[in-house]
Each structure stands twice: as C-alpha cells, then as structure tokens.
Amino acid sequence: MPSTPEQHLNFIANRSCAADGGETLPVIDPSDGEVFGSIARSRASDIDRAVRAARSAFDGDWGRVSAADRSRLLMRLAGLIDANREELAQLESRDTGKPITQGRADAAALSRYFEYYAGAADKLHGQTIPYQAGYTVFTVRQAHGVTGHIIPWNYPLQIFGRSVAAALATGNACVVKPAEDACLSVIRVARLAAEAGLPEGALNVVTGLGAEAGQALAEHPGVDHVSFTGSADTGRRVAQAAAQHHCPVTLELGGKSPQIVFEDADLQAALPVLVNAIIQNAGQTCSAGSRVLIQRGIHDSVMQSLAERFAALRAGPAQADLDLGPLVSRRQLQRVWDYLSDAHTSELTFAAQGSVVDSAPAGGFYQAPVLLERVPCGNRLFQEEIFGPVLVATPFEDEAEAIALANATRYGLVAGVWTRDGARQFRLAHAIRAGQVFINNYGAGGGVELPFGGVGASGHGREKGFEALYGFTSLKTVAIRHG
Ligand code: TXE
C-alpha cells in the first residue's frame, strides 16, 4: 500500500497550522519526480497572521530579551541543530536533490551560522561622537522590528541561516517564506527553535507560492525589513512592493561569476576548483563560477584538462552521492535545456559533457555537466545566469582584456583570480566589479564570517559576517545637551 504523503504545516507563534484556506502544494523528490509530501499553500491572510504574531513577539516577550540571553538562546539552537544534523541533511538532500554529502555540509553550515551570530549578539554596539561643548552624542543600533525573509530553494538551510540567525541575534522577529520547491528543512528548524526556547512569534515560517505568499510578505505594511535571495527579476518586484511602504530591502540576486586563469597560475590547484565551482549543487549556486576566462597561451591545454575532468563527472540520485544530483524541478531543468538549445542554435562548441548514471530514475530532473568553448562575450550564455551545470569558457589576451571580460555582464557577485604575480593580484582585486574577489582560491569554503552580497544586478546589501548585523539594525543618533 502506498504511504500517505507527509503533511508539512506552517509554523506560526510556535504552533503548526494549515493555511487558512486549507490548500496545499505537492512536495516533489527531484531524484525521481515523485510526490512525497505536501506543504501549505498560504496566501495573504496567513502572512498577515504571521506578521501579527511577529509584531506581538517584538513588542512583547522577545523584544524584552537581553542581548546576552538572545545569545544563549541562539547557542542552544545551534546545539539542537547539531544534534539533529543528520535528519536535517537527509531532509535537505531529498527535498532539493543535492547529494547527501552536500546536504551534510549545509546542515553543518547552518549550525555554524547560529553559533557565529549567537557569539555576536552581545557585541554590537554604538559609538560616542565628539561634538560641541555641552553635548554628549552617541549612536545605538536597534532592531528593525519585524523582518521578512524570502528564501530560495537552492540552499534552504544555509540561506535561512545566514539571514535569520543575524536577524534574531539583533532582536528582530522573523517571518520566513521559503521556496515552494524546497522548504521542509526550514520548517523543521523553526520547530527546533521553539524547542530551544525562542518565545512565541519570534520566528514564523509560512510556505506557499512566490506570487501569493512571497508577494504578500514583501508588500505587508507591518514588515520593517525584507531580505530576499532569488532571481534579479523577482528581486525587482520584491523591492517595488517593499518600496510602497518605504521598507528597506537586502537583495542577493545571483551572478555570472568569472574565474580568470593567467598563464602563471598554479594549474594543479586551479583545475579542481574550477570544476567544483560550477558542479556544486548542480550549478544552482548564486556564487557558481560559471564563466572561466583563460589566457591565450594556456587556453588549449587548460581546455583539454577541463574537458577530461568534465567527461568523468557523473550525475545521479541524491542518495547515490555522486558529483552532482538532479536539478531542483522540471521547471529549472527546462530553463537549462532552453540555454543549451540556444547553444546549439548559435553553434557553440560543446567541448565535453559528463553523464547521467543508468540507475537514475527516468522521472528525475537530471542534466549532465556541459563545458562550452570559446563563448563570445555577446552570447546569451556568457551574459546570463543559467543556474545549471554549464561552464562557459572564453580566451583572453592580456590583463586589460581579462578585466574587461570579467566586468562585461550586468552581474557582480563573486570572482576568482588565478595568478602567482603579486602586483597583479592587487590590481585585479581592485578592478573587478564584485562583492567578493578570491585570489588563488574560490569561495573560501563558504566562510560564514565573510561579508557576502553583490553589485549591479547581483543586488545590494551584505549578509554574512559581522556586516549582516548592520543590515538588520538601524542606527539612531542620540544628542544630549547638558550644558
Ligand atoms: O526564482 P525566484 P526561481 C535565479 C536562477 C534561477 C532563476 C529562477 O537564475 O534560474 O532565479 O528561479 C519567491 N514576490 N535564482 O523562479 O522567482 C519564490 O517563492 C515575492 C538565483 O525559483 O526569484 C522563492 O521563495 N517572492 C538564486 C524565491 O522568491 C517571490 C536562487 C525565489 O524565487 C515572488 C534562486 C514574488 N512576486 C533562483 N515570486 C540565488 N541568488 O541564489 C517568487 N518569489
């Protein structure tokens, strides 16, 4: 007898509840395309309920918790996440399709986010400002109030962690709208937060479609700050909705991040990183190194090494724990196919392609990794975020051309530079338009401590590190005239 799909409810004011209208959405396993559960299909009234719960937490119990006690609560939550790490990893892996090793890494990163921001909660303070005689002037950092968090499906645990841990650490009450394509782990963490002792309403999770629940959260006048991670187009819509009530937004909108390989690069070190930066999470990573720019003198040999590595890559079900899993949804797979079909139409060279293992279920959303050669700067595949395991390679002549190509898209999230020339390392660090530049490494292993965010179409505002604490607070200046 087939088992009944498990229902995953909203979590508002520390209680699980169905959507007001009782509607649900299916939860699909990307590894086989089968439905294995349901989530609430929430709408504006559910969002409103969550915002009201958050408001009363902020005005009530949660708002009165001292910074030191917030720190203790978040540290307790970090401990509970750690204790339930394997369960969270399995949930994340099944829901998103990512190989279980990646699911485990994401669960570990989540606990690290809470640990980091627990430690930071009581270390954020203002300054005193020398002013005219007879005055004492100081600044204080205060929580915004109710913060809205719209989370995508590619790294639900990690992106929840980086934004919610920082928002809670600074005393905000949160309403989270995770993505309809993958949100089970986030609901589970909200329940753990209640177990850790977070008061009612401090953390609420409401699931549903972007155009319904997400839009309702962005435009809710009771929300004091919105952080959004997702596509550039939806980011624009979210910012417009929030602007209607003058609500500040932090936007992380993905990228088309270049890795630049100079002739003097340590190729032994660079090659595995170049491959991993595009196949991690099947290329569905905002900071994916999705363009590789190769200096002319080493172009052919680097391409040959990359091609050999790509040909050996295997995609398969999450549980098989191969190089990559399926894409998250049929819709995402179709997006990637559209780009690959464009690549054929514009007669790009397919330098190499990996494979999908025979044991992969036919209903899963698999795409073998693809390496494309000599992709011109004007081509759509050079310019746009594909968000799949597709690496575009382009040759360059000299440093000036490398910088021009690196900066030639509307995005500016991350860049990697591979060179042994010290002066060039500094020049490129300055010249590249991006929120993070990595020299002779890429991504620094995720680095919870490292401020992250973009410029241009990659968004604005910074998450991660201490910097996030500034984004989740506003600065008040107090001037006392005492004579
Ligand atoms: O993103 P959306 P989609 C990019 C990537 C991908 C493309 C489309 O290029 O191919 O976006 O993916 C919610 N008001 N990234 O369609 O629409 C939605 O429910 C408020 C990059 O999944 O941006 C989900 O929770 N919210 C990225 C979240 O927004 C809305 C991660 C992301 O969905 C909404 C994901 C609306 N009107 C995709 N419409 C990254 N930067 O890591 C949707 N949402």
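Worth knowing before you read on, the calculation uses all heavy atoms, side chains too, and leaves out hydrogens, waters and symmetry mates. Every number for a ligand or one of its atoms is a count from 1 in the order of the listing.
Within the structure, the closest approach of Q284 to ligand 1 does not fall below 4.0 Å when heavy atoms are considered. Heavy atoms of Y155 stay at 4.0 angstrom or farther from ligand 1. At least one heavy atom of Q332 lies less than 4.0 angstrom from ligand 1.
Less than 4.0 angstrom separates some heavy atom of G254 from each of these atoms of ligand 1: 41 (N). Annotation for ligand 1: atoms under 4.0 Å from non-hydrogen atoms of R237 are 37 (N). Residue G214 approaches ligand 1 through these ligand atoms, each under 4.0 Å from one of its heavy atoms: 14 (N), 20 (C), 26 (N). Interface of V238 with ligand 1, defined as ligand atoms under 4.0 Å from a residue heavy atom, comprises 14 (N), 20 (C). Residue contact check: C286 has heavy atoms under 4.0 Å from atoms 40 (C), 41 (N), 42 (O) of ligand 1. Numbered from 1 in the order shown, with element, the atoms of ligand 1 that lie under 4.0 Å from a heavy atom of E252 read 41 (N). Within ligand 1, the atoms closer than 4.0 Å to a non-hydrogen atom of P152 are 31 (C), 35 (C), numbered from 1 in the order shown. Contact atoms of ligand 1 toward L253: 41 (N) (distance under 4.0 Å to a heavy atom of the residue).
Residue nearest to atom 34 (C) of ligand 1, selected from L209, N281, V226, T234: T234 (by heavy-atom distance).
With respect to atom 29 (O) of ligand 1, the closest heavy atom belonging to the protein is F228 CE1, 3.2 Å. In this structure, atom 44 (N) of ligand 1 lies nearest to the protein heavy atom G210 CA, 3.3 Å. In terms of protein heavy-atom proximity, atom 12 (O) of ligand 1 is nearest to R335 NH1, 3.3 Å. Remark: minimum distance from atom 37 (N) of ligand 1 to any protein heavy atom is reached at Q215 OE1, 2.8 Å. Residue, atom and distance of the protein heavy atom nearest to atom 22 (O) of ligand 1 are W153 NE1, 2.6 Å. The shortest contact between atom 11 (O) of ligand 1 and any protein heavy atom is with S231 CB, 2.9 Å. Of all protein heavy atoms, the one lying nearest to atom 25 (O) of ligand 1 is I151 O, 2.9 Å. The protein atom (non-hydrogen) at minimum distance from atom 38 (C) of ligand 1 is F387 CE2, 3.9 Å.
Contacts between A179 and ligand 1, counted as non-hydrogen atom pairs separated by less than 4.0 Å, involve both the backbone and the side chain. At a heavy-atom distance under 4.0 Å, no atom of T285 approaches ligand 1.
Ring geometry for W153 against F387 counts as perpendicular: the plane angle is over 60°, on a 0 to 90° scale with 30° as the lower cut. Note: Y113 and Y117 have parallel aromatic rings, judged against thresholds of 30 and 60 degrees for the angle between ring planes.
Taking only nitrogen or oxygen atoms, main chain and side chain alike, I159 does not reach within less than 3.5 Å of ligand 1. Between N154 and ligand 1, at least one N/O pair is under 3.5 Å apart. Residue K177 has at least one nitrogen or oxygen atom sitting less than 3.5 Å from a nitrogen or oxygen atom of ligand 1, judged on distance alone.
Within the 4.0 angstrom cut-off, atom 14 (N) of ligand 1 has one or more protein heavy-atom neighbours.
Taking the charged nitrogens against the carboxylate oxygens, R52 and D48 do have a contact shorter than 4.0 Å, which makes a salt bridge. By the 4.0 Å N-to-carboxylate-O rule, E449 lies close enough to R112 to be salt-bridged with it.
Shown here are the side-chain contact (heavy atoms from CB on, under 4.5 Å) partners of N441, two or more places apart in sequence or in another chain: F438, A444.
In this structure, the side chains of Q259 and R291 stay at 4.5 Å or more apart for every pair of heavy atoms.
Taking CD from E219 and CD from Q240, the interatomic distance works out to 11.5 Å, rounded to the nearest 0.5 Å. Note that CG of L198 and CG of L74 are 6.5 Å apart. Values are rounded to the nearest 0.5 Å.
Here the shortest heavy-atom pairing between A307 and A351 reads CB-O, 4.0 Å. Nearest approach of A213 to T207, heavy atoms of both residues: CB-O, 4.2 Å. Here the closest heavy-atom approach between residue L372 and residue V390 is recorded as CD1-CG1, 3.8 Å. In plain terms, the two heavy atoms of T409 and F382 that are nearest each other are CG2-O, 3.7 Å.
Taking the six-membered ring where the residue is Trp, the centroids of H144 and F58 are separated by 6.0 Å or more. Taking the ring centroids of H149 and F160, they lie at or beyond the 6.0 Å cut-off.
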Enumerate donor-acceptor pairs with a distance under 3.5 Å from any side-chain N or O in residues 410-417 to protein atoms, sequence neighbours excluded.
none

